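As C-alpha cells, the structure follows; a few thoughts come after it.
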Amino acid sequence: MTYVVTENCIKCKYTDCVEVCPVDCFREGPNFLVIDPDECIDCTLCVPECPAGAIFSEDELPEEQRDFIAINAELAKAWPVILEKKDPPADAAQWDGAKGKRDQLER
Ligand code: SF4
Ligand code: F3S
C-alpha cells in the first residue's frame with residue numbers, strides 16, 4: 001500500500017507534509033507534491049500534517065480521486081525529492097477546497 005497526494009494539494013502546496021516523513025518520499029513539482037509509492041512505509045504521519053486534507057491512504061481514497069494513484073506514481077519518477085518545508089504560494093488559501101483543479105496541475 002501507499003499514501004497518495006490528491007487534488008486539493010494543487011496550488012496549495014503547503015509542504016508541512018515533508019517535514020514529518022521518516023523516509024523522505026515526497027517529490028516536488030511546480031505547484032503540487034507527490035508521494036513515491038515505492039518508498040512510502042504507510043506510517044500515516046503526513047496525513048494530519050496537511051492543512052488541505054489532501055493526503056489519503058490508497059485504500060481510503062475517495063472514488064473521484066483514484067486517478068491520483070497513477071499520477072503520484074508517474075510524477076514521483078520525474079520530480080526531485082523535497083526535504084524541507086517552504087512558503088506556500090501567496091494565493092494558497094484561495095485555492096484550498098476549490099473544485100476542478102486537475103487542469104491547473106503543472107508537470
Ligand atoms: Fe511518508 Fe509516512 Fe506519509 Fe508515507 S505515510 S508519505 S512514509 S509520512
Ligand atoms: Fe500538498 Fe498538503 Fe503537503 S497541500 S504539499 S500534501 S501539506
Side-chain angles (χ1 to χ4, degrees):
M1 205 179 73
T2 182
Y3 279 63
V4 178
V5 183
T6 62
E7 184 177 8
N8 204 34
C9 177
I10 298 169
K11 294 181 78 77
C12 289
K13 199 187 176 191
Y14 287 116
T15 69
D16 300 74
C17 53
V18 306
E19 294 271 309
V20 298
C21 182
V23 291
D24 301 337
C25 49
F26 284 91
R27 307 288 181 261
E28 183 185 18
N31 64 3
F32 185 58
L33 259 57
V34 295
I35 290 169
D36 185 337
D38 295 333
E39 302 288 336
C40 178
I41 58 170
D42 307 335
C43 75
T44 79
L45 290 175
C46 56
V47 174
E49 292 303 312
C50 176
I55 306 174
F56 294 83
S57 70
E58 189 175 14
D59 59 3
E60 290 176 353
L61 267 179
E63 194 56 37
E64 77 280 5
Q65 299 289 314
R66 292 201 66 79
D67 54 324
F68 279 90
I69 296 174
I71 291 170
N72 278 240
E74 176 199 342
L75 296 177
K77 290 184 172 32
W79 286 351
V81 174
I82 174 172
L83 297 174
E84 292 180 1
K85 179 175 166 55
K86 54 176 71 171
D87 290 339
D91 58 352
Q94 285 169 244
W95 287 97
D96 192 354
K99 299 295 179 202
K101 288 200 281 183
R102 281 174 177 76
D103 291 347
Q104 304 286 327
L105 174 58
E106 296 174 32
R107 291 167 177 260

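Counting begins at 1 with the first residue of the sequence. All values derive from a computational prediction rather than experimental measurement. Just follow the structure's listing: the first ligand is 1, and inside any ligand the first atom is 1.
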Please list the nearest protein heavy atom to [atom] with its residue and the distance rounded to 0.1 Å.
| atom | value |
| --- | --- |
| atom 2 (Fe) of ligand 2 | C50 SG, 2.3 Å |
| atom 5 (S) of ligand 2 | T15 N, 3.2 Å |
| atom 4 (S) of ligand 2 | Y14 N, 3.5 Å |
| atom 1 (Fe) of ligand 2 | C9 SG, 2.3 Å |

Regarding [X] and [Y], does a basic nitrogen lie under 4.0 Å from an acidic carboxylate oxygen?
| X | Y | value |
| --- | --- | --- |
| E58 | R66 | no |
| K86 | E19 | no |
| E7 | K99 | no |
| D67 | R102 | yes |

Can you confirm whether [X] sits close enough to [Y] that some side-chain heavy atom of one is under 4.5 Å from a side-chain heavy atom of the other?
| X | Y | answer |
| --- | --- | --- |
| K13 | I82 | no |
| C25 | Y3 | no |
| W95 | N8 | no |

Go through ligand 2 atom by atom and flag the ones less than 4.0 Å from a non-hydrogen atom of D16. 7 (S)
Side chain, backbone, both or neither: which applies to I55 and ligand 2 if a contact is any heavy-atom pair less than 4.0 Å apart? side chain
Would you indicate whether D87, at its atom CG, is surrounded by more than 12 heavy atoms from other residues, nucleotides or ligands within a distance under 6.0 Å? no
Suppose I only count heavy atoms of I35 and a 4.0 Å limit; which atoms of ligand 1 are within that range? 6 (S)
To the nearest 0.5 angstrom, please state how far the CD1 atom of I55 sits from the CG atom of D16. 9.0 Å
Hey, what do you get for CD1 (I35) to CZ (F56), rounding to the nearest 0.5 Å? 11.5 Å
Sort by chain and number the protein N/O/S atoms found under 2.8 Å from atom 2 (Fe) of ligand 1. C43 SG
Backbone or side chain, does C17 get an N/O/S atom under 2.8 Å to atom 3 (Fe) of ligand 2? yes
